[in-house]
Protein chains: 2
Amino acid sequence: MTGSRREAPSTADAAVFRPVRAGNAFEETVERLLQAIRLGVAVPGDRLPAERELATRLGVSRVTLREAIRSLHEAGYVESRRGRYGGTFVNDVLPTPHPLSDRGPVDLPDTLTLRHVLESGAAESAASRPLDQSDHHNLRARLQDCLTSDITEYRRRDSRLHLAIAEATGSASLTAAVADVRMRVTELLDTIPLLEPNLAHSNEQHERIITAILNGNPDAARKAMAEHLDGTASLLRGFLA
Amino acid sequence: MTGSRREAPSTADAAVFRPVRAGNAFEETVERLLQAIRLGVAVPGDRLPAERELATRLGVSRVTLREAIRSLHEAGYVESRRGRYGGTFVNDVLPTPHPLSDRGPVDLPDTLTLRHVLESGAAESAASRPLDQSDHHNLRARLQDCLTSDITEYRRRDSRLHLAIAEATGSASLTAAVADVRMRVTELLDTIPLLEPNLAHSNEQHERIITAILNGNPDAARKAMAEHLDGTASLLRGFLA
DNA sequence: CCCTAAAGGTCTACTGCGGAACCATTGCAG
DNA sequence: CTGCAATGGTTCCGCAGTAGACCTTTAGGG
């Protein structure tokens, strides 16, 4: 402990006594909705769940959710329509995001370390459990989305594929953690250019990862994922160092 | 998306539209302080940081923190003393916790999957970076604490060792994630007996893990950690299945 | 012996947020 | 063409939580 009579203060203190809340309810809600859009869980044209339902699922009041939606509307992400079969819809053209935006500076090594652990672990874990037909279908469909994507949509479909891998582990907590860390990485990636060669290379790696998972080969899945992540990691280190 | 015109609802929805807050500020604060005590970050006799400082670090008001401390006091975990050099101190004899206590039922596979990913990943990550002298010292000291521990203190020292491994990755986010998942595991472990043979076996595995990390052998570290975790995983599955 | 620093203990606004009721708009079914 | 159901839009009230000032206790130093 800090000031303990026993020994020097440790950094475990920092982990346990970190803030209990990341921000206020409004900010957290905006962040989640942005996550849905940026990670490709809600694609242009999609309708978000109705306000009453969404508020319940997010655990915030409808008023707070509506404030979040309003700020997303003002930022150009969504439009709302009233009446039966109305709702809040993701815009077809999304705003090009923020030059390493609003909030505090990100700790690059911290983010990359966490990402490596979570995503290579998820790949291994997904490959070492029996997958049902819908898992197979989902993984293959998301892979195909990447292969057939142009540059403008690639980042979202890439995220969606990685999320599908996390889902295939069957662990909701792990999936949530992967979604969070990908959000952090995505914010960084959006500040650097995406080139055709990277995309082709990325697609090859995706195929190897998915093949290993579908074949139930944990070690190969982990290794393929690790290589894949190393690629973007050195890219980021290069541009942001 | 749910209700999307495009395709079937996916479980990624659940990850992104999960609740933004785990509970109210009071409950979260109690949880954190319990974490500090149960994971051995604050051991009996230790003084917690002063209320004003702790409230700032946890990002809650002093009133809320004090309510949390009061409920820990009533539960027998801590005592507070006024005056200069006063403070809140961890009791020497801690209450034996809750028979799979208050909150909702835990998803065992979910917890174990997340734990496997985080902790084996942390071991690998710690082994693949240069460690300074204080890292070496910390790891060896925590290992020694386990080797010389009797049964009553073993769980706390075990957690503290595993936390030290996470710290050695240098990633604050990963350390926090490991602390959280260990808290979930600890609550489960506290409901089943701890036997001498398990303890001896555990110690052997700990030595192999730490040796691999200190020698900078990522694969060995990961493998040793994975075996170690498999042990308690099947124990838990046995008792709780 | 008293003063001061550092800690816990108390009180008082103020505010963010949740809960719930109610209004307004829209499209489909009858 | 009328009514209903499903949605977004609005309003109000109450409570949990925050911020900050202030009180009380205690140990050590001058």
Side-chain angles (χ1 to χ4, degrees), chain A residues 1-5 9 17-33 36 42 45-75 77-91, chain B residues 1-5 17-33 36 42 45-74 77-91:
Chain A
M1 292 293 346
T2 309
S4 164
R5 48 186 162 64
F17 296 139
R18 85 198 118 103
V20 292
R21 321 222 130 151
N24 56 37
F26 163 74
E27 288 166 6
E28 291 278 285
T29 304
V30 171
E31 211 53 36
R32 280 302 177 76
L33 298 179
D46 271 352
R47 199 196 70 177
L48 299 183
E51 290 181 357
R52 290 166 179 81
E53 185 202 330
L54 192 50
T56 305
R57 291 177 59 182
L58 292 175
V60 299
S61 75
R62 217 184 130 204
V63 181
T64 303
L65 171 63
R66 283 179 52 71
E67 278 169 15
I69 289 176
R70 185 159 57 85
S71 88
L72 287 187
H73 172 71
E74 282 163 8
Y77 285 95
V78 298
E79 294 290 333
S80 294
R81 291 200 297 271
R82 292 168 62 149
R84 196 172 187 180
Y85 300 98
T88 301
F89 297 82
V90 179
N91 282 342
Chain B
M1 292 290 345
T2 310
S4 164
R5 49 184 162 66
F17 296 139
R18 86 196 116 106
V20 294
R21 321 222 131 152
N24 57 37
F26 164 73
E27 288 167 6
E28 291 278 285
T29 304
V30 171
E31 212 51 37
R32 281 304 176 75
L33 298 180
D46 271 354
R47 197 196 71 177
L48 300 182
E51 290 181 356
R52 289 164 179 83
E53 184 202 331
L54 192 51
T56 305
R57 289 177 61 181
L58 292 175
V60 299
S61 76
R62 219 185 128 203
V63 181
T64 303
L65 171 62
R66 283 178 51 72
E67 278 170 15
I69 288 176
R70 186 159 57 86
S71 88
L72 288 188
H73 172 71
E74 282 163 9
Y77 284 95
V78 298
E79 294 290 334
S80 293
R81 293 201 296 272
R82 291 168 66 149
R84 196 172 185 179
Y85 301 98
T88 301
F89 297 82
V90 179
N91 282 343

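These figures come from a predicted structure and were not determined experimentally. Below, read A as the first sequence line, B as the second, and so on, with proteins coming before strands; counting in each chain starts at 1.
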Establish, with yes or no, whether the OP1 or OP2 oxygen of [N] is under 4.0 angstrom from a side-chain nitrogen or oxygen of [X].
| X | N | answer |
| --- | --- | --- |
| A:R47 | D:dT7 | yes |
| B:S61 | D:dT18 | yes |
| A:T64 | C:dG16 | no |

Quickly, which of A:R82, A:R66, A:R57 forms a salt bridge (Lys or Arg N to Asp or Glu O under 4.0 Å) with A:E51? Name it, please. A:R66
Kindly compute the distance separating CG (B:L54) from CD1 (B:I69), expressed to the nearest 0.5 Å. 6.5 Å
Just the rounded figure in Å: distance from [atom2] of [N] to [atom1] of [X].
| X | N | atom1 | atom2 | answer |
| --- | --- | --- | --- | --- |
| A:E51 | D:dT11 | CD | P | 15 Å |
| A:R66 | C:dG19 | CZ | P | 17 Å |
| A:L65 | D:dT7 | CG | P | 14 Å |
| A:I69 | D:dG9 | CD1 | P | 8 Å |
| B:R70 | C:dG9 | CZ | C1' | 12 Å |
| B:E67 | D:dA16 | CD | C1' | 9 Å |
| B:R84 | C:dA5 | CZ | C1' | 4 Å |
| A:E79 | D:dT7 | CD | P | 19 Å |

Of the listed D:dT7, D:dG17, D:dT18, the closest approach to the A:A50 side chain comes from D:dT7
Return the 5'-most residue of the pair A:G59, B:T88 with respect to DNA chain C, ranking by each residue's nearest nucleotide. B:T88
Considering only heavy atoms and no angle criterion, is a donor-acceptor pair shorter than 3.5 Å present between the side chain of [X] and the base of [N]?
| X | N | answer |
| --- | --- | --- |
| B:R62 | C:dG9 | yes |
| B:R52 | C:dG8 | yes |
| A:R82 | C:dA24 | yes |

Would you say that A:L65 contacts A:L33 through its side chain, given a criterion of any heavy-atom pair below 4.5 Å between the two side chains? yes
A:Y77 and A:V90, any side-chain heavy atoms less than 4.5 Å apart: no
Sub-3.5 Å donor-acceptor pair from the side chain of A:R32 to the main-chain atoms of B:R18, do we have one? yes
Nearest-nucleotide check on DNA chain D, B:G83 vs A:G87; residue mapping nearer the 5' end is A:G87
